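Written below as structure tokens is the structure these notes are about.
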Amino acid sequence: MLSVGEIAGRSDRIIGEVERAVVGKREALELVLLGFLADGHVLIEDFPGLAKTLIARSFAQVFDMKFARIQFTPDLMPSDVTGSSVYNQRTGDVEFRPGPIFTNLLLGDEINRAPPKTQAALLEAMQERQVTIEGRTNQLERPFLVIATQNPIEYEGTYPLPEAQLDRFLLRLRVGYPERGDEWGLLARRLERAADEIRVDPVTDGRGLIEMQEAIEQVHVSEAVGCYIVDEVASTRASRRVQVGASPRGSLALLKLSRCKAALEGRDYVIPEDVKAIAVPALSHRLMLRPELWVQRVRPEDVVRESLETVPTPAAEDLAAPPR
């Protein structure tokens, strides 16, 4: 099994290679990698043109995995995602033709441009890692990860994602516009390579990613930190601003991502700062605010940050050392 130090070293090489294509967004890239290490799905929400698709494609190349892309459109059917059975006139048999969901890394581009019926075609695959078509259950090959992009809901032609589907994304992040120096760096690299396309080199493969996921299990979580995670999630449910708080799936997301964050830092135990670092992307998309707060421009992220400020942090003496 890989050591925590080996996980940290390999992760640094992975992010460094992706940064050849995506300039100045190390924090966002680290969040995507944390989601993959936790064997979860990632939702990127931002405006067009901010490298969302490039991030997904670059990670697929770095992990040397099978990659498929679905461009979600209003007329996309569920069978376009999962596949369908087709009658073969030559043989007289009905053949199953698998859809793009049968891959290792699936990019759902502009996922909220498709109607809810098509969006729901992903639910079983994201949670159970299987697809049921015409009564037949088909297992998906590991690793199976979804990285979806969506435009802000204010954009014309978008459908809000169902709450059940949002909850199945381990985390949600935004990329944001680059800084002035980073944007010039992007232009300078384009001039240097004299081509639009850039291809990054593999650092590991799908089996290597699974090894990293399995090695995360050796990262220790003390009872004090575990209770801190529970209190953070419970605080979102108690907030007067929230109609529906984070579910226990949110607690599990905090647990898994904080262990991955500790491993990236080279530690084999979790500290409260790991939990705080990933609380907003792990919990904010799981909250339903009271309708009247949209007028006040209150965001779920604000509720999670408020929770981080109010929930007491465990004292240093309560953080038990990891077992040796």
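Just so it is clear, the model here is predicted, and its values are computed rather than measured.
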> Where do E217 and K256 land on the salt bridge (Lys or Arg N to Asp or Glu O under 4.0 Å) test, with the steps shown first?
Replying inline: CA-CA 9 Å; E217 294 299 323; K256 294 162 69 175; over 6 Å; no

> Do E110 and Q150 meet the criterion of a side-chain donor-acceptor pair at a distance under 3.5 Å?
Replying inline: no

> Can you check salt bridge (Lys or Arg N to Asp or Glu O under 4.0 Å) on E273 and K261, steps first, answer last?
Replying inline: CA-CA 10 Å; E273 283 68 26; K261 177 66 174 175; over 6 Å; no

> Would you say T149 and I111 make side-chain contact, with heavy atoms under 4.5 Å?
Replying inline: no

> For S307 and E232, does a side-chain donor sit closer than 3.5 Å to a side-chain acceptor?
Replying inline: yes

> When you check the gap from the basic side-chain N to the acidic O, do E214 and R207 get nearer than 4.0 Å?
Replying inline: yes

>> So, taking the atom named CG in L50 and the one named NZ in K25, what distance separates them when rounded to the nearest 0.5 Å?
In response: 7.5 Å

>> Once side-chain hydrogen bond (donor to acceptor under 3.5 Å, both in side chains) is applied, do any residues pair with S79, and if so which ones, sequence neighbours excluded?
In response: none

> Honestly curious: do L186 and V200 fall in one hydrophobic cluster under the side-chain, below-4.5 Å linking rule?
Replying inline: no

> For atom CD of E179, is the number of surrounding heavy atoms from other residues, nucleotides or ligands below 6.0 Å larger than 12?
Replying inline: no

> Would you call V225 and P272 a side-chain contact if the rule is heavy atoms closer than 4.5 Å?
Replying inline: yes

> Does the R10 side chain pair with the main chain of G208, one donor and one acceptor, at a distance under 3.5 Å?
Replying inline: yes

>> Can a donor-acceptor pair be found, under 3.5 Å and without considering hydrogens, that links the side chain of S251 to the backbone of V230?
In response: no

> So Y177 and F47, would you call those rings parallel, tilted or perpendicular, with 30° and 60° as cut-offs?
Replying inline: parallel

> Is the CZ atom of R193 crowded by more than 12 outside heavy atoms at less than 6.0 Å?
Replying inline: yes

> Heavy-atom distance under 4.5 Å between the side chains of F36 and V42, does that happen here?
Replying inline: yes

> Taking C-beta and beyond as the side chain, do I15 and L33 meet within less than 4.5 Å on heavy atoms?
Replying inline: yes

>> Test salt bridge (Lys or Arg N to Asp or Glu O under 4.0 Å) on R20 and D201; report intermediate values, then the result.
In response: CA-CA 10 Å; R20 290 180 51 218; D201 298 324; 3.8 Å; yes

> Around Q71, counting heavy atoms of other residues, nucleotides and ligands shown, do more than 12 lie under 6.0 Å from its CD?
Replying inline: yes

>> Between R267 and D274, does any side-chain N to carboxylate O distance fall below 4.0 Å?
In response: yes

>> Using 0.5 Å steps for rounding, measure from the CZ atom of F169 to the CE atom of M126.
In response: 3.5 Å

>> Using the rule given for salt bridge (Lys or Arg N to Asp or Glu O under 4.0 Å), can you reason through E183 versus R190, listing the C-alpha separation, both sets of side-chain angles and the distance that settles it, and then say yes or no?
In response: CA-CA 11 Å; E183 192 160 2; R190 169 60 181 83; over 6 Å; no

> Between D46 and R172, is there a salt bridge with N-O shorter than 4.0 Å?
Replying inline: no

>> So which atom in L37 and which in S11 form the shortest heavy-atom distance, rounded to 0.1 Å?
In response: CD1-OG, 4.0 Å

> Is any side-chain heavy atom of Q243 less than 4.5 Å from a side-chain heavy atom of L287?
Replying inline: no

> Hey, is the main chain of E306 close enough, under 3.5 Å, to the side chain of T310 for a donor-acceptor pair?
Replying inline: yes

>> Do D205 and F63 make a side-chain contact, defined as non-hydrogen atoms from C-beta onward lying under 4.5 Å apart?
In response: no

>> Could you see if F59 belongs to whatever hydrophobic cluster contains I198? Use Ile, Leu, Val, Met, Phe, Trp, Tyr and a side-chain cutoff under 4.5 Å.
In response: no

> What distance separates I101 CD1 from D80 CG, expressed to the nearest 0.5 Å?
Replying inline: 12.0 Å

> Excluding sequence neighbours, so at least two apart, what forms salt bridge (charged side-chain N to carboxylate O under 4.0 Å, His left out) with R129?
Replying inline: D39

> Do M288 and V242 have side chains that get closer than 4.5 Å, going by heavy atoms?
Replying inline: no

> Does some side-chain heavy atom of W184 sit less than 4.5 Å from a side-chain heavy atom of V23?
Replying inline: no

> According to a 4.5 Å side-chain heavy-atom criterion applied to Ile, Leu, Val, Met, Phe, Trp and Tyr, with indirect links allowed, do L105 and L54 form part of one hydrophobic cluster?
Replying inline: yes

> Any link between I70 and L166 through a network of hydrophobic side chains (Ile, Leu, Val, Met, Phe, Trp, Tyr) touching at under 4.5 Å?
Replying inline: yes

>> With rounding to the nearest 0.5 angstrom, report the CZ to CD1 distance, R259 to I278.
In response: 12.5 Å

>> Donor-acceptor pair, distance only, cut-off 3.5 Å: does the side chain of D167 make one with the backbone of R286?
In response: no

>> Under the rule for salt bridge (charged side-chain N to carboxylate O under 4.0 Å, His left out), what residues qualify as partners of E128, not counting sequence neighbours?
In response: none

> Can you tell me if T103 uses its side chain to pair, donor with acceptor, with the backbone of L106 under 3.5 Å?
Replying inline: no

>> Please check: side-chain N/O of H41 versus main-chain N/O of V146, any donor-acceptor pairing under 3.5 Å?
In response: yes

> How long is the span from the CD atom in E19 to the CG atom in D182, to the nearest 0.5 Å?
Replying inline: 9.5 Å

>> Distance check, rounded to the nearest 0.5 Å: L107 atom CG versus I44 atom CD1?
In response: 8.5 Å

>> Check whether N104 reaches the backbone of K66 with its side chain - one donor and one acceptor, N or O, closer than 3.5 Å.
In response: yes

>> Using a 3.5 Å distance criterion without hydrogens, assess whether the side chain of Q218 forms a donor-acceptor pair with backbone atoms of L2.
In response: yes

>> We want to know whether Q213 and R142 form a side-chain donor-acceptor pair, criterion being a heavy-atom distance below 3.5 angstrom.
In response: yes

> Is there a donor-acceptor contact under 3.5 Å linking the side chains of S258 and K276?
Replying inline: no

